[in-house]
Amino acid sequence: MTIVKANMAGSVWKIVVSEGEQVEEGQDVVILESMKMEIPIAAEASGVVKRILVQEGDFINVDDDILEIE
């Protein structure tokens, strides 16, 4: 199992995948907003999204878990 983690602090602006969806390594899964910039967070491995651990609007910090890929 792979845990996608935040690489910076910011607000979850948009979740672009859903649980059960197949994703490829490098595919954007979440978009963070920080200092009025949109920063995409990519999947670190290919697989199926098992759980999304954040909701749109949540504030997250560096290294917070975003989602699990199996």
Side-chain angles (χ1 to χ4, degrees):
M1 179 163 340
T2 301
I3 306 274
V4 176
K5 295 185 173 278
N7 57 9
M8 66 182 306
S11 295
V12 178
W13 181 71
K14 186 171 187 178
I15 300 170
V16 295
V17 295
S18 56
E19 291 182 0
E21 184 175 336
Q22 177 73 36
V23 295
E24 299 298 322
E25 182 176 354
Q27 177 181 339
D28 292 346
V29 293
V30 171
I31 300 174
L32 298 182
E33 180 182 36
S34 181
M35 298 187 303
K36 301 193 184 218
M37 293 175 41
E38 296 173 9
I39 299 97
I41 304 297
E44 298 163 4
S46 297
V48 175
V49 177
K50 181 166 174 84
R51 273 194 331 162
I52 298 174
L53 305 169
V54 297
Q55 295 180 2
E56 291 180 1
D58 286 355
F59 183 84
I60 57 177
N61 292 299
V62 175
D63 290 330
D64 281 357
D65 296 346
I66 297 175
L67 57 82
E68 298 174 354
I69 298 173
E70 189 170 62

How far apart are the closest heavy atoms of Q27 and V17, and which atoms are they?
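For Q27 versus V17, the nearest heavy atoms are NE2-CG1, 4.0 Å.
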Please report the closest heavy-atom contact between V23 and A43, naming both atoms and the distance.
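Scanning both residues completely, I find the closest heavy atoms to be CG2-CB, 4.2 Å.
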Applying the 4.5 Å side-chain criterion to the ILVMFWY set and letting contacts propagate, would [X] and [Y] be lumped into a single cluster?
{"X": "I41", "Y": "M37", "answer": "yes"}
{"X": "V16", "Y": "V48", "answer": "no"}
{"X": "I3", "Y": "V30", "answer": "no"}
{"X": "V49", "Y": "L53", "answer": "no"}
{"X": "I39", "Y": "F59", "answer": "no"}

For M35, give me all partners under side-chain contact (heavy atoms from CB on, under 4.5 Å), at least two apart in sequence or on another chain.
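If we apply the side-chain contact (heavy atoms from CB on, under 4.5 Å) test to M35, skipping adjacent residues, there are no hits.
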Can you list every salt bridge (Lys or Arg N to Asp or Glu O under 4.0 Å) pair that touches residues 1-24, not counting sequence neighbours?
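For residues 1-24: K5-D65.
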Interatomic distance, D58 atom CG to S11 atom OG [nearest 0.5 angstrom]
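So the CG of D58 and the OG of S11 are separated by 8.5 Å.
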Nearest 0.5 Å, what's the CD-NZ distance between E68 and K50?
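The CD atom of E68 sits 7.0 Å away from the NZ atom of K50.
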Side chain proximity check, V12 to L32, heavy atoms < 4.5 angstrom:
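Yes, side chains in contact.
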Side chain to side chain, E44 and E25, heavy atoms closer than 4.5 Å:
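Not in contact.
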Is a side-chain donor or acceptor of T2 paired with a backbone partner of A45 at a separation under 3.5 angstrom?
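A pair under 3.5 Å: no.
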Do V54 and I60 pass the side-chain contact (heavy atoms from CB on, under 4.5 Å) test, and can you show the C-alpha distance, the side-chain angles, and the key distance before you say yes or no?
CA-CA 8 Å; V54 297; I60 57 177; 3.9 Å; yes
Report the C-alpha distance between L67 and V29 in whole Å, list the side-chain angles of each, state the deciding distance to 0.1 Å, and finish with yes or no for side-chain contact (heavy atoms from CB on, under 4.5 Å).
CA-CA 9 Å; L67 57 82; V29 293; 3.9 Å; yes
Listing request: all side-chain hydrogen bond (donor to acceptor under 3.5 Å, both in side chains) pairs with a residue in residues 31-40, at least two apart in sequence or in separate chains.
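Qualifying pairs: none.
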